[in-house]
> 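Can you keep this structure in mind? I'll have questions shortly.
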Amino acid sequence: MNFKFSACLLSAWLCCGVPAWAQTITQPTESEVVRRDEFDRSLRQADIIYLGEIHDRSEHHQAQLEILQTLYSENPDLAIGMEMFQRPYQTAIDRYLAGDLDEAEFLEQTEYETRWGFPWELYAPILRFAKTHQIPVIALNAPSEALRQVATGGFENIAAEYRDFVPPIEEMRTDNERYRQRLKDIYDRYHEGQGSSEAFDYFFQAQVLWDETMADSVAAFVRENPQTPFVVLAGQGHIAYGDGIPQRVDRRIPGLETVSVVFDPDSDLPSTPERSLADYVWRWPASSESD
């Protein structure tokens, strides 16, 4: 399977969403709007907060920053994990936060434009806030080279030089059938039912590598900093239903208090008490537009 197409398809799913409705915060199976003070109190009680974005929506990043500012005002012992940066570039993030790199040098040394590529100004206020207040920022993601290798040849195709940046292959769990089927439906729509089963298996394994690496990154930080609330910024496809990152973190560290929030999810995504889309859904007015 062509990796460029695979990456685009994954990104399309992970960023999926529709133009937003009224700016409200609700619980997915309830119609009543949650008061903002109740929402904030819930976040303050969590060990990990998952914020599921649509990557090119500026209002989602503004809301993330607002949440970070609110949390910081209550407890400055805070950390941020970001899908947008890959694990080999953690040193560059640390040097930027320490003031050793300016923004241009930071973007160059993290290879931001080629490895993420969404407009920097969407994320810049968050990184600037972290730098100003010396909030740790953790690179969560797998190297794109490893994702490319899995998308074209499966887990065993990961080159030795990248294996230190991803979890061991034996930790890759592919047994979530509902997650697999959700991705299969999307894959089949893009391929109009013509994709091969082997190509889909590799596509799914690349998604799992993506999720497991980010979950491993989250868990590693939380183990070393159990008293520090950790805010995870990632595409909502990695967070919805807990299938991507949350359940894989819980497998590594059971019993954590977590809260998941998705911004502007597709209105067709079902949510039931037995399988909730997230703890909270945050929507914007229909007239809201991305910058």
> Would you indicate whether the side-chain heavy atoms of Val222 and Ile48 approach each other to under 4.5 Å?
yes

> Could you verify whether a donor N or O on one side chain and an acceptor N or O on the other, from Gln90 and Asp94, lie under 3.5 Å apart?
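Indeed, the side chains of Gln90 and Asp94 share at least one donor-acceptor pair under 3.5 Å.
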
> Taking Asp243 first and then Arg178, would you say they form a salt bridge - that is, a charged N and a carboxylate O separated by under 4.0 Å?
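Not counted as a salt bridge, because no side-chain N and carboxylate O are separated by less than 4.0 Å.
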
> Just to verify, which of Met84, Arg115, Gln86 counts as forming a side chain to side chain contact (heavy atoms under 4.5 Å, CB included) with Asn141?
Gln86

> Please identify which of these residues, Phe106, Phe118, Trp120, meets the ring pair (Phe, Tyr, Trp, His ring centres under 6.0 Å) condition with Tyr112.
Trp120

> Could you tell me whether Arg44 and Glu257 have a side-chain N and a carboxylate O separated by less than 4.0 Å?
no

> Any side-chain heavy atom of Arg180 within less than 4.5 Å of one from Arg182?
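Sidechains of Arg182 and Arg180: no contact.
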
> For the residue pair Ile80 and Leu68, establish whether any side-chain heavy-atom pair is separated by less than 4.5 Å.
yes

> With a 4.5 Å cut-off on side-chain heavy atoms, are Leu277 and Val262 touching?
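They are in side-chain contact.
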
> Answer yes if Val218 and Phe165 sit in the same cluster of Ile, Leu, Val, Met, Phe, Trp and Tyr residues linked by side chain heavy atoms under 4.5 Å apart, and no otherwise.
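Hydrophobic grouping puts Val218 apart from Phe165.
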
> Quick one: do Glu105 and Arg95 make a salt bridge, cutoff under 4.0 Å?
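A salt bridge is absent here (no side-chain N lies under 4.0 Å from a carboxylate O).
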
> Identify whether NZ of Lys or CZ of Arg in Arg275 sits under 6.0 Å from the centre of the six-membered ring of Tyr241 and within 45° of that ring's axis.
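Because its charged atom sits under 6.0 Å from the ring centre and within 45° of the axis, Arg275 does stack over Tyr241.
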
> Using a 6.0 Å distance limit plus a 45 degree cone around the ring axis, check whether Lys184 lies over the aromatic ring of Phe204.
no

> Quick check: do Ser217 and Arg87 have side-chain heavy atoms less than 4.5 Å from each other?
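They are in side-chain contact.
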
> Say whether Tyr280 and Ser42, considering side chains only, have a donor N or O and an acceptor N or O under 3.5 Å apart.
yes

> Are the side chains of Asn225 and Phe230 in touch, meaning some heavy atoms are under 4.5 Å apart?
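SC-SC contact between Asn225 and Phe230 ruled out.
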
> Determine whether the side chains of Glu59 and His61 contain a donor N or O and an acceptor N or O closer than 3.5 Å.
no

> Could you tell me whether the side chain of Val281 reaches within less than 4.5 Å of the side chain of Gln27, counting heavy atoms only?
no

> Check for me whether the distance between the ring centres of Trp282 and His60 falls short of 6.0 Å.
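Trp282 vs His60: aromatic centres not under 6.0 Å.
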
